[in-house]
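See structure below.
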2 protein chains.
Amino acid sequence: MKVLIVEDDPLHRAYLGDSVRAALPECSAVIEATDGAEGERLAREHGVAHVVMDLQMARRNGIEGARTIWRERPDTRILFWSNYSDEAYVRGVSRIVPPGAAYGYVLKSASDERLKLALRSIFIENQCVIDNEVRGTEQRSFARTGGISEVEYEILIDIALGLTDRTIARRRGLSLRSVQNRLQQIYDKLEVHQGAGQGPDAAFNLRARAVSVAIRRKLVNHGALERAEADLGDWLAAAAAGPRR
Amino acid sequence: MKVLIVEDDPLHRAYLGDSVRAALPECSAVIEATDGAEGERLAREHGVAHVVMDLQMARRNGIEGARTIWRERPDTRILFWSNYSDEAYVRGVSRIVPPGAAYGYVLKSASDERLKLALRSIFIENQCVIDNEVRGTEQRSFARTGGISEVEYEILIDIALGLTDRTIARRRGLSLRSVQNRLQQIYDKLEVHQGAGQGPDAAFNLRARAVSVAIRRKLVNHGALERAEADLGDWLAAAAAGPRR
DNA sequence: AGCGGCCTTGCGGGAACCCGCAGCCGGTCG
DNA sequence: CGACCGGCTGCGGGTTCCCGCAAGGCCGCT
């Protein structure tokens, strides 16, 4: 069994290497990469089926890397090892995991024991292991209160990108009013109010305010914006090529 | 000489401790804290004058911690040790450093040598040491192109918070039109255009778009938003108490 | 069938936003 | 001193945003 480690911090990389070797005697080789792009390349070259991946790396982030690895080999087992349990990361991961694939999400603050256990569970037993704290944010995200649904999340990203209502409508195949309705729901769930007086002296611009609290609540972050921007670029190009109107 | 290390990652904390002891034989004690709040407390209790501080920690970030430490003892020497050279961090730091204070900014990706050199320069020689890469973003930030001035930056933060033009005007003591003029400059410098057609079918909402590219360019980030939100809260309370109108 | 809920869509209007035009003022330079 | 520049301000209008009201469609339940 070959294990690929993708992690840009040398200290963490070394620590991970030790843990992998200690937890998995059946591991024949540990391969190391320092960013997502290199990880993709090495995974392809070595035909690796077991990966430990950091999210949030400097040059190419872990979600991108995992996506292309999974696209090429959907049965690859990936353990995400991250500093944060931000909803943006959790959503980003759960959106790209292929059906039936075994994966894990463990925080860097977890104990040695927990990490080794997760390694064995995922790589040997083929089971999913989600850190309890991460599970927490996942739960919250689908709970009644503060729970942003998938469709709403799309629109939220769109306004975070700075799109117009009309553009969002075209992109998502909705009417203008529907987009605005969804925005209304988002404002509700994010508890965004006008601030002071309702009418002439509202303190907040709701749309901008919603983005602000979404960022503060870690629903969206830099990585998510980058990905969304790339998608948007694709769509804009496609729309310009064949504007079916 | 006592040195306080504020860093939430145990691996990095241990590494820092080793480096400090190796680089500074005159160091009599190394004290460790795992977040900004604890760092403030320990600095006060031990009367520490030499601090190594991580930015971006989970519970209370380094800029907050450094601010209160410096407020209590402006001659404290602080070395910031960070993963990133984002403009938001650089601005955040350079805004709180007291006049004449010695401080440093070194990236975690720097070599062992560089870290030790910086430790000696700052703590012993009382000199400022700014990582070259950080200097780079600092330069860029004040250069002609893409250079957001301090006043513009304030307004940028305000729209990122979701404030109305009118509210910004009140807060900053400007007329409505002046705020909008500044916004215009920001749009220019951030190269934010309407996207497709000028008039009825603009793809972008400029204000939201500006925030989006500001985040992607790392002019603002989560920590900066948190701080700005706290400031805003103070101002709102003050404005409600004595609305001089 | 009838009913109630949920989502979608259209309409209308008040507020906010984006921005060109123009006047005012303090500072700099020839 | 006059010319010029950059920043601040008011005015006006075109567009977008925010949102209440109401009508229609789909679905499940009684």
Side-chain angles (χ1 to χ4, degrees), chain A residues 142 144 147-156 158-214 245, chain B residues 142 144 147-156 158-214 245:
Chain A
F142 296 123
R144 195 83 44 229
I148 304 286
S149 76
E150 204 54 35
V151 271
E152 286 159 2
Y153 191 70
E154 276 186 349
I155 309 281
L156 178 60
D158 283 343
I159 66 173
L161 285 174
L163 294 184
T164 307
D165 288 2
R166 194 198 310 274
T167 310
I168 300 177
R170 273 211 292 272
R171 185 179 186 193
R172 304 299 180 188
L174 293 172
S175 83
L176 197 62
R177 194 62 182 85
S178 295
V179 172
Q180 296 175 330
N181 272 336
R182 295 239 171 105
L183 284 176
Q184 221 67 218
Q185 301 164 218
I186 292 177
Y187 300 152
D188 277 358
K189 296 198 181 176
L190 257 36
E191 291 174 347
V192 172
H193 316 105
Q194 306 246 74
Q198 281 298 75
D201 49 24
F204 294 122
N205 173 328
L206 293 184
R207 131 182 326 240
R209 183 65 176 165
V211 175
S212 184
V213 326
R245 252 308 196 176
Chain B
F142 296 123
R144 194 83 41 230
I148 303 286
S149 77
E150 203 55 34
V151 271
E152 287 159 1
Y153 190 71
E154 276 186 348
I155 309 280
L156 177 59
D158 283 343
I159 65 173
L161 285 174
L163 294 183
T164 308
D165 287 2
R166 193 199 309 275
T167 311
I168 300 177
R170 274 211 292 271
R171 185 179 188 193
R172 303 299 179 188
L174 294 171
S175 82
L176 196 62
R177 193 61 183 86
S178 295
V179 172
Q180 295 175 331
N181 273 335
R182 293 243 237 267
L183 284 176
Q184 222 66 221
Q185 300 164 212
I186 293 178
Y187 300 154
D188 278 357
K189 296 197 181 176
L190 257 35
E191 291 174 346
V192 172
H193 315 106
Q194 307 247 70
Q198 280 298 73
D201 48 24
F204 292 121
N205 172 328
L206 293 185
R207 135 182 322 240
R209 184 64 177 167
V211 175
S212 185
V213 326
R245 253 307 199 178

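Within every chain, numbering begins at 1; the chains are lettered A, B, ... in the order of the sequence lines, protein sequences first and strands thereafter.
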> Could you state the CD-P distance from A:E152 to C:dC6, rounded to the nearest angstrom?
Replying inline: 14 Å

>> Just to be sure I understand the rule, does B:S178 reach a base, reach only the sugar-phosphate, or reach nothing, if contact means heavy atoms closer than 4.0 Å?
In response: base

> A:L163 has an atom CG; how far is it from atom P of D:dT16, in whole Å?
Replying inline: 14 Å

> Reckon A:N205 touches a base, only the sugar-phosphate, or nothing at all at heavy-atom distances under 4.0 Å?
Replying inline: sugar-phosphate

>> Heavy-atom nearest nucleotide on DNA chain C for A:R177 versus A:R182: which residue maps closer to 5'?
In response: A:R182

> Rounded to whole angstrom units, what separation is found between the CZ atom of B:R166 and the P atom of C:dC18?
Replying inline: 14 Å

> With nearest nucleotides of DNA chain D determined for B:L176 and A:T164 from heavy-atom distances, which residue corresponds to the more 5′ nucleotide?
Replying inline: B:L176

>> So A:L156 and A:E152, do their side chains get closer than 4.5 Å, heavy atoms only?
In response: no

> Do B:Y187 and B:H193 come close enough that some side-chain heavy atom pair is under 4.5 Å?
Replying inline: no

>> What is the distance, to the nearest angstrom, from the CD atom on B:Q194 to the P atom on C:dC17?
In response: 15 Å

> When rounded to the nearest 0.5 angstrom, what distance separates OG1 in B:T164 from CZ in B:R171?
Replying inline: 12.5 Å

> Rounded to whole angstrom units, what separation is found between the CG atom of B:L183 and the P atom of D:dC8?
Replying inline: 13 Å

> Rounded to the nearest Å, what distance is computed from the CZ atom of residue A:R207 to the P atom of nucleotide C:dC17?
Replying inline: 12 Å

> Nearest heavy-atom pair of B:K189 and B:S149: which atoms, and what distance?
Replying inline: NZ-N, 4.4 Å

> What's the closest nucleotide to the A:D165 side chain, out of D:dC17, C:dC18, D:dT9?
Replying inline: D:dC17

>> If we check side chain to side chain contact (heavy atoms under 4.5 Å, CB included) with B:I168, which of these qualifies: B:L161, B:L183, B:I159, B:L176?
In response: B:I159

> In whole angstrom, what separates A:Q184's CD from C:dT9's C1'?
Replying inline: 15 Å

> Between B:L174 and B:Q180, which is nearer to the 5' end of DNA chain D once each is assigned its nearest nucleotide?
Replying inline: B:L174

>> Rounded to whole Å, please give me the gap between CZ in B:F204 and C1' in C:dC18.
In response: 16 Å

